[in-house]
J.: 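Right, I'll just put the structure down here and ask away after.
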Amino acid sequence: MKKSIGILGGMGPLATADLFQKIISLTAAASDNEHIRVYIDSNSSIPDRTEAILSGGPDPLPAMRDSLRKLEACGADCVVMPCNTAHYFLPRLQGLTDIPFLSMLEAAAAACRARFPGETAAVLATRGTLSAGLYQAALETAGVPCLLPGETERDALMEVIYSGVKAGAPPERYRAALLSVLEALSAGGADYFILGCTELPLAFRLLGLSHPSLDPTEELAKAAVRFCGYPLKG
């Protein structure tokens with residue numbers, strides 16, 4: 001029997017919509033009826049994950065747990081979170097339910113190993129994701145070498161993510177900041193970029209950037225389609 005997907009979203013809303021769109025576009029379906037049933041709780045009131053990790057901000061777990069309960073009630077067979085930093089809380093969330101969570105980090109690391117064997121990834125992410133070592137751990141397990149942004153580049157990434165995409169700013173307002181990060185990491189030996197915040201694939205698309213990169217949102221969408229027993233396009 002085909003399975004359904006629960007999206008624990010709202011972190012942020014655009015990233016949630018991006019994951020849903022990618023699930024649809026990656027499913028080999030010839031009609032409406034051949035698509036996956038998807039339940040979405042886009043709870044934009046979930047407290048900021050980076051603030052919680054770095055500076056003792058409000059704990060997002062209670063609001064995330066509330067979303068999880070709603071997805072359970074709908075009948076979701078798996079849960080996905082279109083927020084990389086939220087994966088810091090995934091072990092605690094998984095302990096609250098028998099429904100499996102699919103990890104964006106693990107899906108991305110496996111794709112890096114398959115698509116860029118022996119090459120060095122640069123991890124572009126929030127300060128929360130980087131400080132928590134989320135991608136470092138997943139990539140080490142997968143045997144993928146990586147570089148991390150320096151302090152200047154981390155500041156620029158936070159500007160792109162929070163003052164840019166999340167704020168709905170015009171893309172040209174954050175083009176220079178993002179390009180400065182890409183140039184610095186390329187000079188440091190990066191062969192490609194992991195867009196390890198769900199706002200970054202949106203920024204790349206809006207700015208028309210063609211740098212070699214891996215989109216964890218897309219890899220999570222593929223993992224969810226496979227889990228549900230549906231065919232992928234291509």
Side-chain angles (χ1 to χ4, degrees), residues 8-12 14-16 44-65 80-95 101-112 120-167 174 177-178 180-190 192-204 213-217 219-220:
L8 203 167
M11 307 176 283
L14 280 175
T16 301
S44 57
S45 67
I46 295 174
D48 187 78
R49 284 66 59 202
T50 290
E51 185 178 342
I53 293 169
L54 295 183
S55 54
D59 185 358
L61 192 69
M64 295 167 81
R65 183 176 60 236
V80 291
M81 294 192 295
C83 173
N84 291 270
T85 314
H87 282 62
Y88 176 83
F89 303 93
L90 190 153
R92 292 162 68 189
L93 286 166
Q94 186 63 84
F101 276 77
L102 306 183
S103 169
M104 175 183 284
L105 310 178
E106 293 176 4
C112 287
T120 299
V123 182
L124 310 185
T126 65
R127 281 188 171 275
T129 296
L130 293 167
S131 297
L134 300 179
Y135 267 102
Q136 296 92 303
L139 294 171
E140 182 178 1
T141 298
V144 176
C146 71
L147 295 175
L148 303 178
E151 289 301 314
T152 299
E153 289 71 47
R154 293 184 190 207
D155 285 341
L157 286 168
M158 293 295 282
E159 177 186 340
V160 172
I161 294 163
Y162 282 88
S163 302
V165 181
K166 284 183 179 292
Y174 49 84
L178 184 51
S180 70
V181 173
L182 302 181
E183 291 166 5
L185 288 165
S186 292
Y192 65 102
F193 303 95
I194 297 174
L195 307 182
C197 171
T198 45
E199 276 70 37
L200 292 176
L202 299 170
F204 258 56
S213 62
L214 185 123
D215 176 358
T217 305
E219 300 308 323
L220 181 61

J.: Output all residues satisfying side chain to side chain donor-acceptor pair (under 3.5 Å) with Ser45, sequence neighbours left out; order by chain, then residue number.
T.: Asn43
J.: Does Glu106, at its CD atom, have more than 12 non-hydrogen atoms belonging to other residues, nucleotides or ligands within less than 6.0 Å?
T.: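 No, because the 6.0 Å sphere around CD of Glu106 holds 12 heavy atoms or fewer from other groups.
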J.: Are Leu185 and Tyr192 packed together at the side-chain level, in the sense that at least one heavy-atom pair is separated by less than 4.5 angstrom?
T.: no
J.: Would you say that Leu195 contacts Pro216 through its side chain, given a criterion of any heavy-atom pair below 4.5 Å between the two side chains?
T.: yes
J.: Would you say that Leu178 contacts Phe204 through its side chain, given a criterion of any heavy-atom pair below 4.5 Å between the two side chains?
T.: yes
J.: Counting N and O atoms only, with roles assigned by atom type, does the side chain of Thr16 sit under 3.5 Å from a partner on the main chain of Gly10, one being a donor and the other an acceptor?
T.: yes
J.: Looking only at heavy atoms, what is the nearest atom pair of Arg154 and Pro149, with distance?
T.: NE-O, 2.9 Å
J.: Going by side chain to side chain donor-acceptor pair (under 3.5 Å), name the residues that satisfy it together with Arg65, two or more places apart in sequence or in a different chain.
T.: none
J.: Please tabulate, for the side chains in residues 80-89, all donor-acceptor contacts under 3.5 angstrom to protein atoms that are two or more places apart in sequence or on a different chain.
T.:
from: Asn84; atom 1: OD1; to: Tyr135; atom 2: OH; distance (Å): 2.6
from: Asn84; atom 1: ND2; to: Gly196; atom 2: O; distance (Å): 3.2
from: Thr85; atom 1: OG1; to: Thr126; atom 2: OG1; distance (Å): 2.8
from: Thr85; atom 1: OG1; to: Thr129; atom 2: OG1; distance (Å): 2.7
from: His87; atom 1: ND1; to: Cys83; atom 2: O; distance (Å): 2.9
from: His87; atom 1: NE2; to: Met104; atom 2: N; distance (Å): 3.0

J.: Listed by chain and number, what are the side chain to side chain contact (heavy atoms under 4.5 Å, CB included) partners of Ala142, not counting sequence neighbours?
T.: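 Here the qualifying residues are Ala109, Arg113, Val144.
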J.: Compare every heavy atom of Leu214 with every heavy atom of Ala111, then report the nearest pair and how far apart it is.
T.: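 Taking Ala111 first and Leu214 second, the nearest heavy atoms are CB-CD1, 3.5 Å.
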J.: Taking the side chain as every heavy atom from C-beta outward, state whether Val123 and Leu130 have any atom pair closer than 4.5 Å.
T.: yes
J.: Between the side chain of Glu51 and the main-chain N/O of Gly56, is any donor-acceptor distance below 3.5 Å?
T.: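 Looks like no, no N/O pair under 3.5 Å.
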J.: Determine, step by step, whether Val165 and Tyr174 satisfy the side-chain contact (heavy atoms from CB on, under 4.5 Å) criterion, reporting the C-alpha distance in whole Å, the side-chain angles of both residues, the deciding distance to 0.1 Å, and the verdict.
T.: CA-CA 9 Å; Val165 181; Tyr174 49 84; 3.8 Å; yes
J.: Would a 4.5 Å heavy-atom cut-off, applied to side chains only, mark Ile194 and Asp215 as touching?
T.: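 The answer is no, as the side chains (C-beta and beyond) never meet within the 4.5 Å cut-off.
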J.: Ignoring hydrogens and angles, write down the donor-acceptor pairs under 3.5 Å from the side chains of residues 155-164, residues two or more places apart or on other chains.
T.:
from: Asp155; atom 1: OD1; to: Arg127; atom 2: NH2; distance (Å): 2.8
from: Tyr162; atom 1: OH; to: Asp48; atom 2: OD1; distance (Å): 2.7
from: Tyr162; atom 1: OH; to: Asp48; atom 2: OD2; distance (Å): 3.3

J.: Taking the side chain as every heavy atom from C-beta outward, state whether Asp59 and Pro47 have any atom pair closer than 4.5 Å.
T.: no
J.: Check whether Ser180 reaches the backbone of Ala177 with its side chain - one donor and one acceptor, N or O, closer than 3.5 Å.
T.: yes
J.: Considering non-hydrogen atoms only, spot the tightest contact between Ile46 and Pro60 and give its length.
T.: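 Reported closest heavy-atom pair: CG2-CB, 3.7 Å.
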J.: Taking all non-hydrogen atoms of both residues, which atom of Leu139 and which atom of Cys146 are closest, and how far apart?
T.: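 Heavy atoms of Leu139 and Cys146 come nearest at CD1-CB, 3.7 Å.
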J.: My understanding is that only residues two or more places apart in sequence, or in another chain, count here; which of them pass side chain to side chain contact (heavy atoms under 4.5 Å, CB included) with Ser44?
T.: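 If we apply the side chain to side chain contact (heavy atoms under 4.5 Å, CB included) test to Ser44, skipping adjacent residues, the hits are Pro13.
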